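A quick write-up on the structure given underneath.
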Amino acid sequence: MSENFGVIFSSILDGLTTTIWATLGGIALTIVLAFAAGLGMLSRWLAVRWLARIYVEVFRGTSEVVQLFWIFFVLPLLVGFRLVPLFAGILVLGLNHGAYGGEIVRGAVQSVPKAQHEGAIACNFSPAQRMFRVILPQAVVEMMPPFGPDIMVIYGVELAFYLVLAILITIVMRALESAGAKRIGRMPPPRTKFLAKTQGGGV
Amino acid sequence: MSVNYEQSFNGPMIQFDNVVKRFGQLTVLEDLNFDVAPGEFVTLIGPSGSGKTTILRLLMTLEKLTEGTIYVGGEPLSHLHKDDKLVEANEKHLREARKKIGMVFQQFNLFPNMKVLRNITEAPVRSLGRSRDEAEKRGSELLEMVGLSDKVDAHPSQLSGGQQQRVAIARALAMEPKVLLLDEVTSALDPELVTGVLHLLKEIAETTDITFLCVTHEMQFARDVSDRVMMFDSGHVIEDAHPDKLFTDPDPDPDPDHERTREFLHAVLDRG
Amino acid sequence: MVWDRGAVSDSFPLLLAGLVVTLEITVLGSLLAYVLGLVFALIRRLRVPVLNQAVYLFVEFIRSTPLLVQVFVFFWVLQPAVGLPISAFASGVIVIGVHYACYTSEVYRAGIEAIPQGQWEAATALNLPRTRVWSGVILPQSVPRVVPALGNYTISMFKETPLLLAIGVQDLLNRAKEYGAETFSVTEAYTMAGAFFLVISYVASLLVRRLESRVGQL
């Protein structure tokens with residue numbers, strides 16, 4: 001068991017900077033997707049509204065764990081390379097939370113009083129100016145309560161969760177490997193860093 | 001001022017041509033026709049639900065017409081000429097058309113995310129392409145005019161209702177509109193703040209050649225500043241006259257429309 | 001990569017069996033969460049000595065640790081330590097049910113707090129015994145109000161059950177994994193698993209929304 005702790009610690013340290021960058025990347029991905037989806041659902045164009053709505057419903061409706069498996073096992077078949085577990089986790093996190101965040105963004109934008117829209121029209125702002133100079137700055141304030149704790153706490157917890165999941169799977173696999181290797185009288189294969197390395201192809 | 005009607009009239013500033021507005025089953029305006037000359041101050045009065053505010057909202061393009069055409073400065077407001085036909089205007093045309101029109105709202109509708117000066121300068125910078133310096137210089141002048149020079153850096157939420165409405169008036173003027181729409185601008189104010197705002201508006205009306213269309217319940221104000229008062233009921237103009245005539249006409253008149261106007265004025269004036 | 005229709009029909013019975021297990025866990029886990037959540041809420045509300053603090057600490061602890069870790073700890077550490085042979089399925093139901101009870105207890109708390117003060121005062125004025133106040137006045141009013149929120153937690157729970165694959169529960173995702181490993185029809189298996197989740201949770205959320213609008217009229 002103590003041997004395994006060594007593995008865990010060195011793995012975590014190896015991956016620490018990667019993890020931090022990946023976390024920031026995941027948060028950025030969530031924010032971008034949440035705004036894209038939220039504003040998309042309010043678009044003037046039916047096609048955009050539908051696209052955003054489908055994204056939101058699919059990623060809220062299918063289980064996050066199923067999404068993780070899908071991205072880890074099916075996506076490589078589609079794109080031809082495999083993601084590092086951590087990055088697959090980030091991608092799922094971003095896509096999944098982006099979908100939930102989309103609803104938050106939509107709700108916040110809709111909560112800005114209609115009078116503000118009308119004031120902006122009377123000031124002759126373009127539709128984009130109305131959204132980005134008048135409506136969104138006010139909507140962002142509305143988003144903070146649901147978004148703030150969501151991003152900070154949930155991301156911390158969930159990244160730890162994916163990390164634990166990945167490490168546990170690796171440890172179990174390694175234990176099985178070495179048990180199997182002993183049985184047929186061979187040395188276990190040299191240990192590879194699993195967190196910071198992609199297997200063929202970048203991310 | 002109140003530009004001399006005969007001399008400067010060369011085509012109406014505002015023209016409603018068979019305008020119909022329905023909200024679902026409800027007809028708010030029915031076959032409405034009227035003109036407003038450049039520089040004229042026209043007040044719309046009438047019971048609530050008579051369609052006065054809808055007229056202003058149509059002019060500000062906050063609502064779409066159901067039928068008919070509105071012309072502002074001779075140009076169709078929410079329509080485009082295309083192959084000799086009028087088609088619904090696109091955003092580009094609307095933005096061009098809105099340059100002529102400003103509006104002051106009952107609830108001020110200042111932007112809470114911007115400071116007072118920014119509320120005034122943002123539109124000229126973004127919509128008229130003014131430089132920020134130029135817009136700020138003009139904005140400060142306007143704030144001085146409305147008596148709020150010391151509130152340049154305040155947030156709208158720190159101002160009283162009357163002060164917010166003055167800022168809103170300055171904001172509308174900063175766009176140099178040819179037409180200014182006033183939608184019950186004193187209805188949301190505490191009684192002691194009403195007079196100041198009305199004085200300001202009167203001053204503006206008398207010193208500029210802006211065309212005013214005003215919905216108000218302040219009958220004394222309407223009488224003081226208006227060149228014309230139009231009385232509305234259920235989407236129709238039932239009286240259209242000089243305020244002195246409309247407010248004082250003592251002759252008993254068998255016409256039911258006049259009777260209706262008198263009833264309304266009685267109700268409003270007794271209350272005030 | 002090609003989409004193999006044969007694999008779809010071929011895997012269907014297996015996935016359906018997995019779906020049944022997933023639904024069983026969801027239903028049993030929800031029942032546990034509904035009942036235990038109410039017990040937690042009542043203990044907190046009635047300030048039962050010792051238990052009140054214990055429940056508070058337990059709820060905070062559960063809410064701030066990931067479900068997966070709880071599943072692992074229960075199945076690999078706690079359960080062997082106590083020496084009770086609890087199956088993976090039963091472990092899953094217990095851990096998920098207890099986990100969600102910590103959330104539903106908050107729902108009940110809010111539902112109870114939403115009852116106007118006047119109801120308590122009227123019950124006191126009628127000199128009803130305390131148990132009767134709860135069973136006859138407060139709970140009948142607060143429980144219908146919280147049904148939509150409970151429904152939403154059941155939907156979340158449904159979508160989290162695939163985690164139990166980590167302890168070998170034969171749920172929908174595990175069956176999909178199994179089928180994919182045997183036939184290499186990974187794409188079909190996982191996509192179908194996703195589709196099952198999507199259809200069921202979408203329909204369920206529409207139902208909850210209808211419930212919400214009905215409760216809104218209460």
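A note on names: the letters A, B, ... follow the listed sequences, proteins ahead of strands, and every chain is numbered from 1. Bear in mind that the values here come from a model prediction, so they are computed numbers and not experimental data.
- Ranked by heavy-atom pairs under 4.5 Å with chain A, the first of B/M103, B/R95, B/M175 is B/R95.
- With sequence neighbours left out, the side chain to side chain contact (heavy atoms under 4.5 Å, CB included) criterion links B/D190 to B/E192, B/L193.
- The line from CZ of B/R98 to OG of A/S126 is 9.5 Å long, rounded to the nearest 0.5 Å.
- Of residues 52-59 of chain A, no residue lies under 4.5 Å from chain B by any heavy-atom pair.
- Of all the listed residues (B/V104, B/L110, B/L128, B/I101), the one sharing the greatest number of non-hydrogen pairs under 4.5 Å with chain A is B/L110.
- For A/F69, the ring pair (Phe, Tyr, Trp, His ring centres under 6.0 Å) partners are A/F73, C/Y190, not counting sequence neighbours.
- Ranking B/P112, B/P177, B/P124 against chain A, the residue ahead of the rest is B/P112, based on heavy-atom pairs under 4.5 Å.
- Distance check: A/I135 CD1 to B/N113 CG gives 8.5 Å after rounding to the nearest 0.5 Å.
- With contacts defined as side-chain heavy-atom distances shorter than 4.5 Å, the pair A/E118/B/R57 qualifies.
- The distance from the CD atom of B/E122 to the CZ atom of A/F125 is 5.0 Å, given to the nearest 0.5 Å.
- The side-chain heavy atoms of B/R126 and A/N124, taken from C-beta on, include no pair separated by under 4.5 Å.
- Using a 4.5 Å heavy-atom threshold, the side chains of A/P127 and B/E91 count as touching.
- Annotation: residues 110-117 of chain A contacts chain B through A/K114, A/A115, A/Q116 [non-hydrogen atoms, separation under 4.5 Å].
- Two residues are said to be in side-chain contact when any heavy atoms from C-beta on lie closer than 4.5 Å; B/F111 and A/C123 meet this criterion.
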